[in-house]
**Student:** 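Supplied in structure tokens, the structure appears directly below.
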There are 2 protein chains.
Amino acid sequence: MDDHPMILEGLKSLLQSDTTLEIFTFTKGEAFLDFIRGNTVDLVLLDIVLNDGSGLNFCKTIKKNWPKTVVIGISNQAERSIIFQFLQNGANGYILKNADAQEIINCIQDALNGKVAFSNEVQQIILSQPHDALAIPKLTKREKQILTAISSGYTTPQIAEMLFVSPMTIETHRRNLLQKFKAKNMIELVRIATEYKLL
Amino acid sequence: MDDHPMILEGLKSLLQSDTTLEIFTFTKGEAFLDFIRGNTVDLVLLDIVLNDGSGLNFCKTIKKNWPKTVVIGISNQAERSIIFQFLQNGANGYILKNADAQEIINCIQDALNGKVAFSNEVQQIILSQPHDALAIPKLTKREKQILTAISSGYTTPQIAEMLFVSPMTIETHRRNLLQKFKAKNMIELVRIATEYKLL
DNA sequence: TTTGTTCTACCGGTTTACCGTGATATTTCA
DNA sequence: TGAAATATCACGGTAAACCGGTAGAACAAA
């Protein structure tokens, strides 16, 4: 399933060489859900559009209701944090769109055989940095709220007024945020959070 | 030209219906440059990978040496600022990858007829906001250098030491940066710069 | 009910950021 | 070669950020 007609076409023509596969393509999540309710689906190639995070949630939905269905993410995004986010939602594999045909077919076969499948480049990314930045700091609602306000340029006293709490409280949250991200100051933190797609 | 085999396949199968077109595909810029030096190229569909900005430069190169060649950008990026950056480099049109087949074909025909061609969604994006954020602030080398350091969490005295200049100088640059972006403080500026893909 | 998490709040202190208003080199390019 | 643009440095002041430590109240889950 992909919302890009071009990519759908390309995938189809790549995969049609394998005659053991029966292929259906969808551009909308609802249409696919209708389909899977009435059919057995072995494998889903799911395009990850990260802007809104809908791909993540969709993966979670599929794995929750049809855990036997293999889900492989396809994306241009080559960021570590994104890949892990997707895997944490139950995905069976992750492929970058610049992978070549054979690579993609191999990954699909591996995934169908119960393995966790990555394209070569993804493999490298996963192995690149050790376990340091592996975990994305988890923010509470309040922290997200405050971080958003900070990233918009609001100062501590301003945010305190907006949220009807003491400036001291905001300061405490700030310090907790800096600690969680191991950032030197809010400027660095905002850059990191933006890279992690948290803002 | 695209570095995604899948997308290349898709485009080819979409465009092959039009028999008046002769189609070649390239995944590397050099290979294409070799080709265009020995052949007349009417139209180039150029994938914009914005991470490194190479697509932008490539467009500029083509239009500089072969101004008659029509260049259309293809991208997933739907951001205003990016589209304008590309058009400022001489592009004849801009298409999002989620455009459907007919839309793409129409754009190509329009572009070949001398029009500036946008896919529907791009059109909407261009018309969405008035001319306020149309211009991306232009930064000097020094300013980029300092902004990068700031976004990495370095303070004014630290940066001054790194660049062997007075802290006062760094402060001046900071104030110029804030003015150029009309930002309240550096935190907001870093967020804006990140959104504009300047960092 | 107890443990754990989150949200709240405070003190005292140092450092950094930001503002207004200047000025003088250095480089770039027409 | 001269006008722009860019880079450099400065004073004096206010506001905000950051640091270390502390701790009660609200809430949810075990």
**Student:** Does a nitrogen or oxygen in the side chain of A/T155 sit under 4.0 Å from OP1 or OP2 of D/dA15?
**Tutor:** no
**Student:** Calculate the interatomic distance between B/M168 atom CE and C/dA25 atom C1'; express it in whole Å.
**Tutor:**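 In whole Å, C/dA25 C1' lies 18 Å from B/M168 CE.
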**Student:** Taking CD1 from B/I170 and C1' from D/dA7, how many angstroms apart are they, rounded to a whole number?
**Tutor:** 10 Å
**Student:** Return the 5'-most residue of the pair B/Y154, A/K180 with respect to DNA chain C, ranking by each residue's nearest nucleotide.
**Tutor:**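 It is A/K180 whose nearest nucleotide is closer to the 5' end.
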**Student:** Which atoms form the tightest heavy-atom contact between B/S151 and A/I187, and what is the distance?
**Tutor:**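 Here B/S151 and A/I187 meet closest at CA-CG2, 3.8 Å.
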**Student:** Please tell me which of the listed nucleotides, C/dG20, D/dG20, D/dC9, lies nearest to the side chain of A/R175?
**Tutor:**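 Closest nucleotide to the A/R175 side chain: D/dG20.
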**Student:** State whether the distance check finds a donor on one side and an acceptor on the other, under 3.5 Å, for side chain B/T172 versus base D/dC9.
**Tutor:** yes
**Student:** Just compare C/dA9, C/dT16, D/dT8 and give me whichever is closest to any side-chain atom of B/T169.
**Tutor:**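 Per side-chain heavy atoms of B/T169, the pick is D/dT8.
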**Student:** Hey, are the side chains of B/I150 and B/I170 touching, using non-hydrogen atoms and a 4.5 Å cut-off?
**Tutor:** no
**Student:** Grab the NZ-C1' distance between A/K141 and C/dC7 for me, whole Å please.
**Tutor:** 13 Å
**Student:** If the cut-off is 4.0 Å, is A/T140 near the phosphate of C/dT5, judged by side-chain N/O to OP1 or OP2?
**Tutor:**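 Checking A/T140 against C/dT5: no side-chain N or O falls below 4.0 Å of OP1 or OP2.
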**Student:** Can you tell me how far P of D/dA7 sits from CG of B/N176, to the nearest Å?
**Tutor:**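 Rounding to the nearest Å, CG of B/N176 and P of D/dA7 are 9 Å apart.
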**Student:** Take B/V165 and B/I187, find for each the nucleotide of DNA chain D with the closest heavy atom, and name the residue whose nucleotide sits nearer the 5' end.
**Tutor:** B/V165
**Student:** Take the protein atom CD of B/E171 and the nucleotide atom C1' of D/dT14, then report the distance between them rounded to whole Å.
**Tutor:**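 That distance rounds to 13 Å.
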**Student:** Calculate the interatomic distance between A/E188 atom CD and D/dA17 atom P; express it in whole Å.
**Tutor:** 17 Å
**Student:** With the side chain of B/L178 defined as its heavy atoms from C-beta on, choose the nearest nucleotide among C/dT8, C/dC18, D/dC9.
**Tutor:**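 Closest nucleotide among those given: C/dC18.
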**Student:** What is the distance from CD1 of A/I159 to P of D/dA16, rounded to the nearest Å?
**Tutor:**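 Rounded to whole Å, this separation is 12 Å.
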**Student:** Measure from CZ on A/F181 to P on D/dC18 and round the result to the nearest Å.
**Tutor:**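 Computing the A/F181:CZ to D/dC18:P distance gives 14 Å.
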**Student:** Stepwise, does the side chain to side chain contact (heavy atoms under 4.5 Å, CB included) test hold for A/L177 with A/L139?
**Tutor:** CA-CA 8 Å; A/L177 283 166; A/L139 301 184; 3.7 Å; yes
**Student:** Could you check which of C/dA17, D/dA10, C/dC7 has an atom nearest any side-chain atom of B/R174?
**Tutor:** C/dA17
**Student:** Go through C/dA17, C/dC10, D/dA7 for me and flag the one nearest to the B/T156 side chain.
**Tutor:**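 Among C/dA17, C/dC10, D/dA7, the one nearest the side chain of B/T156 is C/dA17.
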**Student:** B/T69 and B/N92: which non-hydrogen atoms are nearest, and at how many Å?
**Tutor:**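 What the structure gives for the nearest pair is O-OD1, 4.1 Å.
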**Student:** Surrounding CZ of B/F181 (heavy atoms of other residues, nucleotides or ligands, distance under 6.0 Å), is the total greater than 12?
**Tutor:** yes
